[in-house]
Amino acid sequence: MELTIIAKETVKPSCLPLDHPKPYKLCLFDQITPMTYVSIVLFYRSPDQNFNDNLPQTLSQLKKSLSETLNLFYPLSGRTNDNFYIDDFNAGVTYIEASVSCSLTEFSKLSQTELLNQFVPFPPLRDEREYSRESELPPIGFQVNIFACGGIALGTAFGHKIADGGTICHFLTSWAATFHGSRENLVSPNLSNASVAFPPRDLLPPKYQTLTETLWFNKGNLVTRRFVFDANNIASLRDLAKSEGVSRPSRNDALTCFIWKHASEAAASVAGGAARASAVAQAVNLRPRMKSQDLSSSIGNLFWWSSASSSDARSAELSELVDTLRESLLSFNEYLDRTDQGEVGFAAVSECYDRLEGILNSSAGDVYVFTNWGRFFNEVDFGWGKPEWVGPHGKPGRFMNVTVFVEAQGGKGIEAFVTLEESHMAVLEKDPKFLAFASPNPQGVLPGGECD
């Protein structure tokens, strides 16, 4: 597969609101989150036989509607300053158009997840401070990739400093609605509630910044592999995960603990077989959990980590790990309910890092990070139909031990993009008990007909 950049430019809001606040204040969780790009690639089949003939007009309209969407989401067009606010909203976002030498079907048959990185404007999951000053970095970038058959891969790279998956879902949904003329699907973003609910701090304890960097960035030789869990295997894992305390474990419960258990076993095997303490840090969407604030349409990093730990996850039963995971999430929810509104953000940060600190600072312990995108992006329709496939990153920069769950097409299975140190992954990929439920990167990710 060869990809050729056709055009690259900066797209700015077409008309900023006259009453926009300046500057836009970050929330506490924005402050804590480092500047690294997270990638999402949405794959669409060619809308019709005349698509290539109308391509220049389509791309022009795509840029125009992007500019109009930035009017609503103007903080995503600015630049961060002093880890406290965003201004310079006319700085704009990166926009790239590219052509792909093969068809969408041919790409699918390659089964090379590493190629996903070519479809986005910035490399994923590296520490951007090593390359540029934060105030110079665009918070988001887009790349429109056109396959030889007319299929499209829309790549998004968003700076996690100011946005999470929920934010980007709101943005892409609104961009699609603007492009397609379905204004009823526009999301009117709330640009103030996040910093009201979770006020930023003038000074953050240095240890929290240090622990954040330890959690997010490592210098190992990392690889990402795609594993697919079909509906039958997920059902079997949910049965194995049942206990008196958790009679109906969710798909997320079962898969998170299953991967945690077997990744821990791989780590122990590489280390010589000794037991290793480990923990799970599970990204939790705060929007539906804050009863005193309506955060449903708010932008920013409105997530935090619910953490659970085990002295030796590899030897624990799946049901035991699920019990531990559920207890931590229940404790997290109760914590949000009982903590004073003004201090809940900082209290949640403190509680999480206090729990993880020993493992993060230990050479004989591992933290496994899980985030579930669920159906965040499967409904984004630009008038070309819903995405045939949603792909996260290929080879990551420095974020180790992270797993991203996405819905398999048709909603009957789940795909897990697992990033581990290369030696640990080599063990996991040969683990027969793991492979009894997980299919490693099956060929042909795109279902249905041809796109040749």
>> Run Glu265 and Lys261 through salt bridge (charged side-chain N to carboxylate O under 4.0 Å, His left out) and show every step you take.
In response: CA-CA 6 Å; Glu265 188 166 350; Lys261 176 180 174 68; 5.6 Å; no
>> What verdict does the side-chain hydrogen bond (donor to acceptor under 3.5 Å, both in side chains) test give for Arg225 and Asn441, after you've listed the backbone C-alpha separation in whole Å, the side-chain angles of each residue and the deciding distance to 0.1 Å?
In response: CA-CA 7 Å; Arg225 296 289 185 264; Asn441 200 28; over 6 Å; no
>> salt bridge (charged side-chain N to carboxylate O under 4.0 Å, His left out) for Lys386 and Glu379? Distances and angles first, verdict last.
In response: CA-CA 6 Å; Lys386 295 176 183 179; Glu379 304 295 319; 2.8 Å; yes
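A distance of 6.0 Å or more separates the ring centres of Trp305 and Phe332. The aromatic ring centres of Phe229 and Phe405 sit 6.0 Å or more apart. Note: Tyr74 and Tyr24 fail the aromatic proximity criterion, with ring centroids not under 6.0 Å apart.
The number of heavy atoms from other shown groups lying within 6.0 Å of NZ (Lys207) is above 12.
At distances below 3.5 Å, at least one donor-acceptor pair connects side-chain atoms of Ser101 with backbone N or O atoms of Glu2.
Gln282 and Asn252 share a donor-acceptor pair across their side chains, judged by distance under 3.5 Å alone. In this structure, a donor-acceptor pair under 3.5 Å is present between the side chains of Asp164 and Thr167. One side chain, Asp87 or Asn81, offers a donor N or O that lies under 3.5 Å from an acceptor on the other. Side-chain contact annotation: Thr173 with Asn185, donor-acceptor N/O pair under 3.5 Å absent.
Glu9 places a side-chain heavy atom less than 4.5 Å from the side chain of Lys63.
How far CG of Asp127 is from CZ of Phe217: 4.0 Å, rounded to the nearest 0.5 Å.
Here the rule is ring pair (Phe, Tyr, Trp, His ring centres under 6.0 Å) with Phe171, and of Phe158, Phe377, Phe142 only Phe142 fits it.
Among residues two or more places apart in sequence or in another chain, the side chain to side chain contact (heavy atoms under 4.5 Å, CB included) test is passed with Leu222 by Pro396, Met400, Thr419. Every residue meeting the ring pair (Phe, Tyr, Trp, His ring centres under 6.0 Å) condition with Phe437, not counting sequence neighbours, appears here in chain and number order: Phe258. Taking the side chain to side chain contact (heavy atoms under 4.5 Å, CB included) definition, one finds that Thr371 meets it with Ala283, Trp373, Val404, sequence neighbours left out.
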